[in-house]
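Let me begin by presenting the structure, written as structure tokens, before commenting on it.
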Amino acid sequence: MTIARTLFGAAALAVLAVLASPAMGADFPDGKPVRIIVPTGVGSGTDLTARQIAASMGKAWNVPVVVENKAGASGMIGTESVAKATPDGHTLLATYAQHYTNQLVMKTPYDAVEDFEPVARVANSALVISVSTNSPYKTLGDVIDAARKKPGIITYGSSGNGTTSHLAATLFEDMTKVKLSHIPYKAPGQVALDAASGQIDLSFNGMSTVLPLIKGGRLRPLAVTTLQRSQSLPDVPTVAEAGYPGYETASPIWIFVPRGTPQAVVGKLSAGITAAARTTEFKDLCQQQGLEVDIQDAATAKAAGPGELEKWRKLMSAAGAAKN
């Protein structure tokens, strides 16, 4: 009888927990602060969009919504911290394509699909290949010619191994048949600054990071990595236009929570974030930073997740960057 009662009691508690979950989701965030972890440095497109969304959500929900930058290890430090966080909706991850590409080039302490629950997709970012305005390279053709004459002489910076900027460069090397020297950084902002000062030859970087330096006359854009020209830099050609049709590397920006977060909470977060992404303030930010507003709710982003991983796997394999 004692065992039966114990088993019945445990089963009843489990049922009550399941039944309580939607109610808990309805009360979310219950006045508690919400953290959005950004696994890159301050000033990246991911960081800026996360901050705008945090401001809108905090105002709408009347709770503190704060952004924390946890850069390092190609974004794995911040990403792992979210994977291990309590799945209650109070810790989110704002990230970009490195979320999927990291595990294709190195061992990660998490699985990009299995350990996270997609909440929303909010924007899409082109990358820019740029040089210092004092650089002798005036066009992308100049870079390619110099690299073919002296393989490895041209240096480029990326946000780290396995990041979108690294992938963009390796794909560029593969399609143009040149050899560049890779210098990985912890933060995209430092890549842009070192390129502007001439410490490295090329910057493969997100539009939002380099656009202020381009407008300030410190960086010269040579090409963008999308198939279409950017509205922010309409006079800058695409890599495809420079003679390499089919070249494309762009990075969406997503919001995730740890796997196991109640679906009622995911739904409320998704509604709040997509609403924030539709505001005039968010659209204005994207226009200023060279980003395209690109909204998906939780269900759409979740359905696309496995295909997203496979898309990057194919790109990295073509560029010779994927692990064996």
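Not measured: the values here are computed from a predicted model.
The other residues sharing a hydrophobic cluster with L233 are V128, L193, M207, V210, L211, L213, I214, L219, V224, V236, where clustering joins ILVMFWY side chains under 4.5 Å apart. When hydrophobic side chains of Ile, Leu, Val, Met, Phe, Trp and Tyr are connected at separations under 4.5 Å, I77 ends up as a singleton with no cluster partners.
Among residues at least two apart or in separate chains, ring pair (Phe, Tyr, Trp, His ring centres under 6.0 Å) pairs with a member in residues 119-160 are Y156-H182, Y156-F204. Pairs passing the ring pair (Phe, Tyr, Trp, His ring centres under 6.0 Å) check and including a residue from residues 63-90, sequence neighbours excluded, read F28-H90. For residues 208-227, no pair satisfies ring pair (Phe, Tyr, Trp, His ring centres under 6.0 Å), with sequence neighbours left out.
Residues S165 and N205 bring no donor and acceptor atom of their side chains to less than 3.5 Å of each other. Between the side chains of D284 and Q288, no donor-acceptor pair of N or O atoms lies under 3.5 Å.
With sequence neighbours excluded, the residues satisfying side chain to side chain donor-acceptor pair (under 3.5 Å) with S197 are Q199. Every residue two or more places apart in sequence or in another chain that forms a side chain to side chain donor-acceptor pair (under 3.5 Å) with R35 is listed here: E68, T91. For R278, the salt bridge (charged side-chain N to carboxylate O under 4.0 Å, His left out) criterion is met by no residue, not counting sequence neighbours. Applying the ring pair (Phe, Tyr, Trp, His ring centres under 6.0 Å) rule to Y96 yields no partners; only residues at least two apart in sequence or on another chain are considered. Residues that satisfy the salt bridge (charged side-chain N to carboxylate O under 4.0 Å, His left out) test with E248, not counting sequence neighbours, are absent from this structure. Partners of Y110 by ring pair (Phe, Tyr, Trp, His ring centres under 6.0 Å), not counting sequence neighbours, listed by chain and number: F116. The side chain to side chain donor-acceptor pair (under 3.5 Å) search around E310 returns R313, not counting sequence neighbours.
Side-chain contact check for F282 versus I53: some heavy-atom pair is nearer than 4.5 Å. Between S81 and K70, the closest side-chain pair of non-hydrogen atoms falls below 4.5 Å. Counting heavy atoms from C-beta outward, V266 and F256 have side chains that stay 4.5 Å or more apart. Counting heavy atoms from C-beta on, the side chains of T170 and H166 come closer than 4.5 Å. R229 is listed as a side-chain neighbour of E241, based on a closest heavy-atom distance under 4.5 Å. Looking at V34 and L92, their side chains come closer than 4.5 Å, going by heavy atoms from C-beta outward.
Separating the CD1 atom in I255 from the CD1 atom in I273 is a distance of 5.0 Å, to the nearest 0.5 Å. Here the CE-OH distance, from M175 to Y244, works out to 9.0 Å after rounding to the nearest 0.5 Å. The CG atom of D294 sits 8.5 Å away from the CD atom of E292 when rounded to the nearest 0.5 Å. Residue T101 holds its OG1 atom at 7.5 Å from CE of M106, rounded to the nearest 0.5 Å.
With hydrogens and angles disregarded, no donor-acceptor distance shorter than 3.5 Å links the side chain of R121 to the backbone of Q296. Under the 3.5 Å distance criterion, the side-chain polar atoms of S251 are matched with a main-chain donor or acceptor of A97. Of the possible donor and acceptor atoms, none in the side chain of T249 sits under 3.5 Å from a partner among the backbone N and O of A168. Under the 3.5 Å distance criterion, the side-chain polar atoms of T261 are left unmatched by any main-chain donor or acceptor of V257. Formation of a donor-acceptor pair under 3.5 Å by the N102 side chain with backbone atoms of S74 is found in this model.
The nearest pair of heavy atoms linking G157 to I200 is N-CD1, 3.6 Å. Across every non-hydrogen atom of W312 and P252, the tightest pair is CZ2-CD, 4.4 Å.
Within a 6.0 Å radius of NZ in K138, more than 12 heavy atoms belonging to other residues, nucleotides or ligands are found. The 12-atom threshold is not exceeded at CD of Q228, counting heavy atoms of other residues, nucleotides or ligands nearer than 6.0 Å. More than 12 heavy atoms of other residues, nucleotides or ligands lie within 6.0 Å of NZ in K311, so this atom counts as buried by the packing criterion.
Aromatic ring orientation, W254 versus Y100: perpendicular (interplanar angle above 60°, classes split at 30° and 60°).
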What do the steps show when you test N124 against L291 for side chain to side chain contact (heavy atoms under 4.5 Å, CB included), and what is the final call? CA-CA 6 Å; N124 199 26; L291 304 172; over 6 Å; no
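A salt bridge links D47 with R51: the distance from a Lys NZ or Arg NE/NH1/NH2 to an Asp or Glu carboxylate oxygen falls below 4.0 Å.
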